Amino acid sequence: MISRSEVIKMIMKKTTSDHLVLSTTGMISREVFSHDDRQENFYMIGSMGLASSFGLGIAKSNPDKKIIILDGDGSFLMNLGAAACIGFYNTSNIVHIILDNFSYESTGSQNSISNKIDLCNIAKSSGYKFVDEIINFDINKISFDKKELSFYRIHVGIESNEEISRVAHTPEEITSNFKLIL
Ligand SMILES: Cc1ncc(C[n+]2csc(CCOP(=O)(O)OP(=O)(O)O)c2C)c(N)n1
């Protein structure tokens with residue numbers, strides 16, 4: 001199975017300056033930072049589950065930008081209320097991507113419960129308009145151009161890469177840099 005890091009690399013390559021990338025806590029943010037640190041990235045250091053809540057606010061206040069939320073399965077499941085609100089408000093400029101490795105890889109690869117939960121059904125019933133489950137990853141299956149609220153559940157392998165650097169910016173720097181492009 002493709003690694004989370006490879007998927008992140010390909011997703012980041014597809015982004016332009018109109019795409020704001022909000023990444024969840026742990027290795028997902030570290031990989032985004034290592035592959036493609038940009039001013040248009042917001043790394044949600046520490047606050048697991050809240051990239052989606054933050055994404056909802058940013059999307060509503062910046063309708064001309066596309067908000068790409070890179071979530072883990074653990075992070076998504078931690079804050080299902082945000083998914084319900086994103087769907088309820090039909091936030092058409094959000095692309096919500098779940099990098100599902102069925103585990104909390106960042107903290108030691110403990111099993112999450114995503115193998116027993118239909119994440120796509122949660123998205124559909126919350127009101128996401130385009131929902132896709134991707135088992136065999138191909139970057140061409142991902143679109144940032146749809147004019148509707150989109151959700152992708154991408155199956156990725158469990159891998160541990162302790163070597164990967166930590167996000168070098170402080171939370172204050174992340175916030176002030178990000179504010180400059182809003
Ligand atoms: C509220 C809260 N609980 C726990 C943690 C510790 N923590 C950081 S990342 C992480 C695992 C995230 O899992 P997932 O979103 O599935 O991403 P993965 O690491 O598997 O890519 C955990 C438990 C935290 N930062 N905040």
Side-chain angles (χ1 to χ4, degrees), residues 1-15 20-37 41-58 67-87 94-123 126 128 131-137 139 142 150-175 178:
M1 193 176 297
I2 191 160
S3 71
R4 180 188 57 210
S5 176
E6 275 306 307
V7 171
I8 288 175
K9 205 184 281 177
M10 286 188 256
I11 286 174
M12 294 309 294
K13 252 198 195 137
K14 211 178 163 83
T15 58
L20 309 188
V21 174
L22 278 45
S23 52
T24 190
T25 314
M27 293 306 252
I28 291 179
S29 275
R30 286 170 65 173
E31 287 170 355
V32 172
F33 171 77
S34 300
H35 293 316
D36 193 10
D37 183 33
N41 293 350
F42 186 94
Y43 309 104
M44 186 54 87
I45 296 175
S47 301
M48 180 178 166
L50 293 183
S52 49
S53 299
F54 185 63
L56 172 58
I58 296 291
I67 313 304
I68 297 164
I69 302 168
L70 293 183
D71 243 343
D73 45 296
S75 301
F76 178 69
L77 286 167
M78 181 173 261
N79 188 13
L80 289 179
C85 287
I86 289 171
I94 282 184
V95 180
H96 198 162
I97 298 176
I98 315 302
L99 299 162
D100 193 351
N101 55 11
F102 306 91
S103 73
Y104 304 100
E105 191 277 319
S106 298
T107 48
S109 300
Q110 303 89 347
N111 290 337
S112 76
I113 53 170
S114 68
N115 63 332
K116 295 276 193 284
I117 311 273
D118 189 337
L119 303 187
C120 288
N121 254 340
I122 290 176
S126 298
Y128 286 66
V131 176
D132 196 12
E133 175 143 14
I134 301 178
I135 296 171
N136 297 308
F137 185 73
I139 190 64
I142 307 285
S150 305
F151 181 94
Y152 296 93
R153 178 193 200 179
I154 305 173
H155 293 227
V156 297
I158 300 179
E159 61 185 312
S160 301
N161 181 3
E162 298 297 325
E163 307 289 290
I164 201 137
S165 55
R166 290 182 179 275
V167 176
H169 314 300
T170 63
E172 290 79 8
E173 286 165 354
I174 294 168
T175 306
F178 194 70

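Order of listing sets the numbers, starting from 1, for every ligand and every atom in it. Along the sequence shown, the residues carry numbers beginning at 1. The shown structure was predicted, so the numbers you read here are calculated from the model rather than taken from an experiment.
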Considering only heavy atoms, does Met27 approach ligand 1 within less than 4.0 Å through its side chain, its backbone, both, or neither? neither

Among protein heavy atoms, which sits nearest to atom 7 (N) of ligand 1, and what does the distance come to when rounded to 0.1 Å? Thr107 CG2, 3.5 Å

Select one of side chain, backbone, both or neither to describe which atoms of Asn101 lie under 4.0 Å from any atom of ligand 1, heavy atoms only. side chain

Find out whether Ile94 and Ile69 are in side-chain contact, i.e. whether some heavy atom of one side chain is under 4.5 Å from a heavy atom of the other. yes

Tell me which pairs pass salt bridge (charged side-chain N to carboxylate O under 4.0 Å, His left out) where either residue lies in residues 94-119, with sequence neighbours left out. Arg4-Glu105, Asp100-Arg153

Does the plane of the ring in Phe151 sit parallel, tilted or perpendicular to the ring in Tyr128? Use 30° and 60° as the thresholds. perpendicular

Taking a cutoff of less than 4.0 Å between a non-hydrogen atom of the residue and any ligand atom, is Gln110 in contact with ligand 1? no

Tell me: protein heavy atom nearest atom 20 (O) of ligand 1, and distance? Ser103 O, 2.7 Å

Hey, looking at atom 16 (O) of ligand 1, which of Ser106, Gly74, Gly46 has the closest heavy atom? Gly74

Among protein heavy atoms, which lies nearest atom 17 (O) of ligand 1, and at what distance? Gly72 CA, 3.9 Å

Would you kindly specify which portion of Ile28 sits under 4.0 Å from ligand 1, judged on non-hydrogen atoms: side chain, backbone, both or neither? side chain

Which of the numbered atoms in ligand 1 are under 4.0 angstrom from any heavy atom belonging to Thr25? 8 (C), 9 (S), 25 (N)

What is the closest protein heavy atom to atom 21 (O) of ligand 1, and at what distance does it sit? Arg4 NH1, 2.7 Å

Closest approach of any protein heavy atom to atom 4 (C) of ligand 1, naming residue and atom: Met48 SD, 3.7 Å

In terms of the angle between their ring planes, are Phe178 and Phe42 parallel, tilted or perpendicular, with boundaries placed at 30° and 60°? perpendicular

